[in-house]
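Step one of this worksheet: look at the structure below.
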Amino acid sequence: MATQKLYAGAKLRETRQRLALTQKDFAAKLGISLPYLNQMENNNRPVSTTVVLALAQEFGFDVTELSTGDAERMVSDMREALADPVFGDDPPPLADLRLTASNAPALARAFLELHSTYRQTHERLASLDEALGREDARSQSSPWDEVRDFFHYCDNYIDAVDHAAERFATGSDANLSAHDLAVERMAAMGITLAQDDVGKLRHYDRAAGVLYLSSRAAPETRRFQLLLQLALLTQDALLEATLDFARFQSDAARAIAKIGLANYFAGAAMMPYGKFLEAAQDTRHDLELLANRFGASIEQVCHRLSTLQRPAAKGIPFFFVRVDQAGTITKRHSATRLQFARFGGACPLWNVHRAFETPGRFLRQLAETPDGVRYISLARDVSKPGGSFGAPVRRFAIALGCEVKHAGDLVYADDLDVSNARAFEPIGISCRICERAECHQRSVPPLERRLQVTPDERGVLPYSVG
């Protein structure tokens, strides 16, 4: 596959502005001319090797940030949004979308927000929702989607919260686990811990000073909920400052995000960044060993692996996703080039859907996306029992994966023939933006390709993709 030129004008300009440097001073420090810097900042020229090296040497800049992050996510999100039939059958070319994401990221975000608002309103009308008749009806993104996008565009890594959790878990007593430290901290605050045989996972009685954790929940879930409540009680100033920075549009979104940040603190405290990254590398990312070592669930370990994007100490860029039995994505994050559908389900050819058929087993898949990038994907079902007879069981499937170039660092790739092109199964993101001409599982035609219909012939599909 041909090497892609690196256009990162917006990121270059953002770096210069953060350093409070004029173009002239920034160009001098990078060892280039002012016109050349201006051309790169406006994406008229790609970022040169000289500039990449100067950024690393002069400013200690993590140069991997130039090629990952918001731009690729926005391109993927815009392609999916433009696949909506409301835009017709002639979407902008991919090159234009890349230029928009690089040169005008604010405009790209405004477009995505507008389309999300349109979909929300359209779905209300289609389902005869009475929201339009209520005084509190709002024409804006749902709070849940707004929060999900916040974490998505933060690369699922919140630096200040991650460091605070690591300091808590490793700074007091190295011999104590995060759970034991939390128990001590709660006792020092005069809070009593108790287990209760109720449906709620966690209930904090502020008046009585008692934190109840469900005896029906798994031990790792109780540990997580304890740390989550500790974050809400002891990290309020940090969480509020982070929320101020995010500038959510509604109080509901801010409240949801605060719980999300507390969840983040809990996971980062259970699995402190430095120790967890070292353990992941030592075990070659064996999920079961990591879960046992840190007292976490498989899902918690997978989620934590997807957050290891600390500058200058990054782990493998993983994607992580959770789907329900209908194929709807309930959690999604990708530090890789693979981005997930924002609306609807995931590609049916992906092994995450087959995980429901083989409970308790890891499924491995070598997969290739239409852009030619190859991945290794690991999938497994996750059941969440209700804790009593007749109580509903929540069933999900999770998938964790990375580009195949990292296969040597994964224990799960040891006996897979990653050098054999035929071993890779073709997958996509969503049918409307998938460019594959031959796909036996296609549900709707691709928006960007012409269709040919031959009345006297019928293959797997009633049309062929030109």
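Residue indices begin at 1 and follow the sequence shown.
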(Q) Any carboxylate oxygen within less than 4.0 angstrom of a Lys/Arg side-chain nitrogen, looking at Asp145 and Arg148? (A) yes

Q: Under the side-chain contact (heavy atoms from CB on, under 4.5 Å) rule, collect the residues that match up with Leu114, sequence neighbours excluded.
A: none

Q: Taking all non-hydrogen atoms of both residues into account, name the closest pair between Ala269 and Ala178 and its distance.
A: O-CB, 3.2 Å

Q. Only one of Arg394, Lys384, Arg380 clears salt bridge (Lys or Arg N to Asp or Glu O under 4.0 Å) with Glu299; which?
A. Lys384

Q | Asp236: partners by salt bridge (Lys or Arg N to Asp or Glu O under 4.0 Å), with sequence neighbours left out | A | Lys258

Q.
Tyr36: which residues meet the ring-ring contact (aromatic ring centres under 6.0 Å, His included) condition with it, sequence neighbours left out?
A. none

Q. Roughly how far apart are Phe318 CZ and Cys302 SG, rounded to 0.5 Å?
A. 8.5 Å

(Q) Quick check for you: to the nearest 0.5 Å, what is the distance between Arg223 atom CZ and Leu213 atom CG? (A) 11.5 Å

Q) Is Pro426 close to Glu368 at the side-chain level, that is, under 4.5 Å between some pair of heavy atoms? A) no

Q) Is the number of heavy atoms from other residues, nucleotides or ligands within 6.0 Å of CG (Asp244) greater than 12? A) yes

Q: Identify the two heavy atoms, one from Ala253 and one from Val147, that lie closest to each other, and give their separation to 0.1 Å.
A: O-CG2, 3.2 Å

**Q.** Polar side chain donor-acceptor pair, Gln235 to Glu240, under 3.5 angstrom
**A.** no

Q | Shortest non-hydrogen separation from Val301 to Ala296 and the atoms involved | A | CG2-CB, 4.1 Å

Q | Ring-ring centroid check Phe320 His333, cutoff 6.0 Å | A | no

Q | Pairwise distance CG(Leu227) to CE(Met186) - rounded to 0.5 angstrom | A | 8.0 Å

Q. Distance under 6.0 Å and angle within 45° of the ring axis: does Arg374 meet both against Phe424?
A. yes

Q. Got a sec, which residues hit side-chain contact (heavy atoms from CB on, under 4.5 Å) with His163, two or more places apart in sequence or on another chain?
A. Tyr157, Asp159, Glu166, Arg167, Arg310

Q) Is Asp77 salt-bridged to Arg109, cutoff N-O under 4.0 Å? A) no

Q. What side-chain hydrogen bond (donor to acceptor under 3.5 Å, both in side chains) pairs are there with at least one residue in residues 276-293, not counting sequence neighbours?
A. Arg284-Asp414

Q. Do the ring planes of His115 and Phe111 sit parallel (below 30°), tilted (30 to 60°) or perpendicular (above 60°)?
A. parallel

Q: May I ask you to decide if the ring planes of Phe319 and Tyr375 are parallel, tilted or perpendicular, using 30° and 60° as cut-offs?
A: perpendicular

Q: Please name all residues satisfying ring-ring contact (aromatic ring centres under 6.0 Å, His included) with Phe248, sequence neighbours left out, ordered by chain then number.
A: Phe150

Q.
On a heavy-atom basis, which atom in Leu181 and which in Ala169 lie closest, and how many Å separate them?
A. CD1-O, 3.6 Å

Q.
Can you tell me how far apart CG (Leu37) and CG (Asp25) are? Round to the nearest 0.5 Å.
A. 11.0 Å

Q. Would Tyr212 and Tyr204 count as a close aromatic pair, with their ring centres under 6.0 Å?
A. no

Q | Glu220 versus Gln300, closest heavy-atom pair with distance | A | O-NE2, 3.7 Å

**Q.** Straight-line distance of Asn38 CG to Lys24 NZ, nearest 0.5 Å
**A.** 14.5 Å

Q | Modelled atom types, side-chain donor and acceptor of Thr307 and Asn156, under 3.5 Å | A | no

